[in-house]
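Data first, discussion second: the structure below is written as structure tokens.
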Amino acid sequence: MSDGLESLRRILAVDRTVHEPARLVILTLLALVDQADFVFLQDRTGLSVGNLSSHLSKLEAAGFVNVEKGFQGKRPQTVLRLTSKGREALKTHLATLSALLDPPQPR
Amino acid sequence: MNLPALAARGKGRQDAFLSREDRPNLGSRISRQLGAGRAPAKVCSAINFALQSILCYSSGMAESSLSRLEQSLYRTYWDDGLLDLWAGLGVLSTGVFWILGWVTVAPALPLLLIILWPAARRRWVEPRVGAVCLSRQRRLRERMKLAWCLQVGWPMLVLVLVGCWGLSVGRWVPPLIMAPAIPLVILSALALGASLMLSLARFSAYAALLFLVGLAGMALAWEPGPLIVIGGAMISGAGLVRFTRFLRLKPVAGGEGV
């Protein structure tokens, strides 16, 4: 099978937790920073509170995101950090997509 | 440690971000490899600094799309306009103190503004757009930019002042005429440094504005105080417009759901 078709088939095996567009955006944003709070993610993604919460719960359950709840003064604050597992999952996913868009040339 | 291999590893798109283990003290490790550990401390420090600069800028961050995302994310960090307003108020207050004859006290309010900056950001900006801790690589790059600005900026400023003095000694320009421009040149240099550090083009515009105000003052033989007030008022005005637009477009966020 050609390398291009092989790359295409690998898409079928992607981690769907990462592949969902909203979660991919969330993971990408967290990969660009050390940590961010819930309001930052909501502002950057444009997702509603409920929608963002749902996606973050799934990412936390998968071990991709670390969630810490606390307070900033009197204001509750939820701080999110990408775990090393999440970083690896994102790297793998981006590599898979990259291979599809820029497949290795046949010899 | 193979430096070309390390740089090449950083250049790969999949490895656009160095791991936590790699980031700190890379320059120190490489300078030891190069035998710089036996050199005087200042030489080691200079080599370490140069190598860290090269590694950061050749690590592939400039080439990957994620790095472009990070760059634009960093630029939007300053979009609220609070920094512009703060800088404008600092310049404005310096001018006011100058007019009142309290030149030695002039740096007091700018220093106070710097101290109050984090609290102001937490009070007015973070409830609307959230709080973020930038990546360690970004913080390292900004620290190095600051160091470069300080190391390069001060000699250049001295050169400009010496040049101004030279022009006056050479009788091309009478000495007293130069006086109004000098504080504005210094403020302009600070604005330019801020523009380079924060990658904000509008601070270059502020720098040009302050420089032009200084030149105009020199031509009109005005005192420096009113010129600084004019420059500060313009920057504060621009900052106020940007900040009020930010407050209008970004309401305080509701509750968190997680």
Side-chain angles (χ1 to χ4, degrees), chain A residues 25-45 47-61 65-84 87-88 90-99 101-102, chain B residues 9-10 12-24 60-61 63-77 79-80 118-142 246 249-258:
Chain A
V25 168
I26 292 166
L27 288 172
T28 305
L29 281 170
L30 290 176
L32 300 177
V33 300
D34 258 6
Q35 65 184 42
D37 70 356
F38 185 92
V39 176
F40 174 84
L41 288 177
Q42 193 190 352
D43 177 65
R44 290 297 191 266
T45 59
L47 297 170
S48 66
V49 170
N51 204 357
L52 180 59
S53 298
S54 166
H55 288 303
L56 286 172
S57 297
K58 287 185 179 130
L59 289 171
E60 189 186 15
V65 162
N66 188 33
V67 179
E68 282 175 23
K69 296 191 188 185
F71 286 87
Q72 178 70 40
K74 291 180 183 174
R75 190 167 56 91
Q77 186 184 43
T78 304
V79 175
L80 302 130
R81 202 176 282 117
L82 195 64
T83 61
S84 48
R87 196 173 294 273
E88 278 308 310
L90 180 65
K91 264 190 194 175
T92 306
H93 188 74
L94 292 177
T96 306
L97 292 178
S98 178
L101 296 170
D102 186 22
Chain B
R9 180 158 64 97
R13 275 182 292 175
Q14 288 87 356
D15 292 326
F17 296 93
L18 299 176
S19 67
R20 279 184 180 271
E21 299 80 53
D22 287 341
R23 283 181 213 149
M61 277 197 76
E63 297 172 12
S64 71
S65 56
L66 280 178
S67 72
R68 284 195 291 275
L69 268 174
E70 196 275 342
Q71 180 76 2
S72 69
L73 188 75
Y74 178 66
R75 276 200 215 101
T76 60
Y77 185 80
D79 269 357
D80 47 82
R121 202 172 160 85
R122 271 196 302 274
R123 170 73 178 83
W124 286 308
V125 176
E126 288 180 6
R128 296 164 195 274
V129 294
V132 61
C133 182
L134 299 171
S135 67
R136 195 179 294 188
Q137 203 162 9
R138 166 58 65 183
R139 282 180 278 150
L140 178 63
R141 282 179 83 172
E142 295 316 306
F246 166 78
L249 294 176
K250 301 279 186 181
V252 175
E256 299 181 352
V258 182

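Letters A, B, ... are given to chains in the order of the sequence lines, protein chains preceding strands, and every chain is numbered from 1.
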Contacting moiety of B/R128, where chain A heavy atoms sit under 4.5 Å: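 Only the backbone of B/R128 comes within 4.5 Å of chain A.
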All side chain to side chain donor-acceptor pair (under 3.5 Å) counterparts of A/E88, not counting sequence neighbours: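 Testing A/E88 for side chain to side chain donor-acceptor pair (under 3.5 Å), a comparison that skips the adjacent residues, returns none.
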Look up atom OG in B/S72 and atom CG in A/L32, then write down how far apart they are to the nearest 0.5 Å.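 Rounded to the nearest 0.5 Å, the OG-CG separation comes out at 8.5 Å.
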Among all residues two or more places apart in sequence or in another chain, which pass the side chain to side chain contact (heavy atoms under 4.5 Å, CB included) test with A/V33?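 Only A/A36, B/L73, B/V132 meet the side chain to side chain contact (heavy atoms under 4.5 Å, CB included) criterion with A/V33.
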Chain B heavy atoms under 4.5 Å from A/S48: which part of the residue, side chain, backbone, both or neither?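 A/S48 has no heavy atom closer than 4.5 Å to chain B.
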Heavy atoms only: give me the nearest B/L69-A/T28 pair and the separation to one decimal.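 Nearest heavy atoms, B/L69 then A/T28: CD1-CG2, 4.0 Å.
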Check A/Q77 against B/A131 and note the closest heavy-atom contact, atom names and distance.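 The answer is NE2-CB, 3.7 Å.
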Determine whether more than 12 heavy atoms belonging to other residues, nucleotides or ligands lie under 6.0 Å from atom CZ of B/R123.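 No, not enclosed.
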Would you say that A/D37 contacts B/E126 through its side chain, given a criterion of any heavy-atom pair below 4.5 Å between the two side chains?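 A/D37 does not reach B/E126 side chain to side chain.
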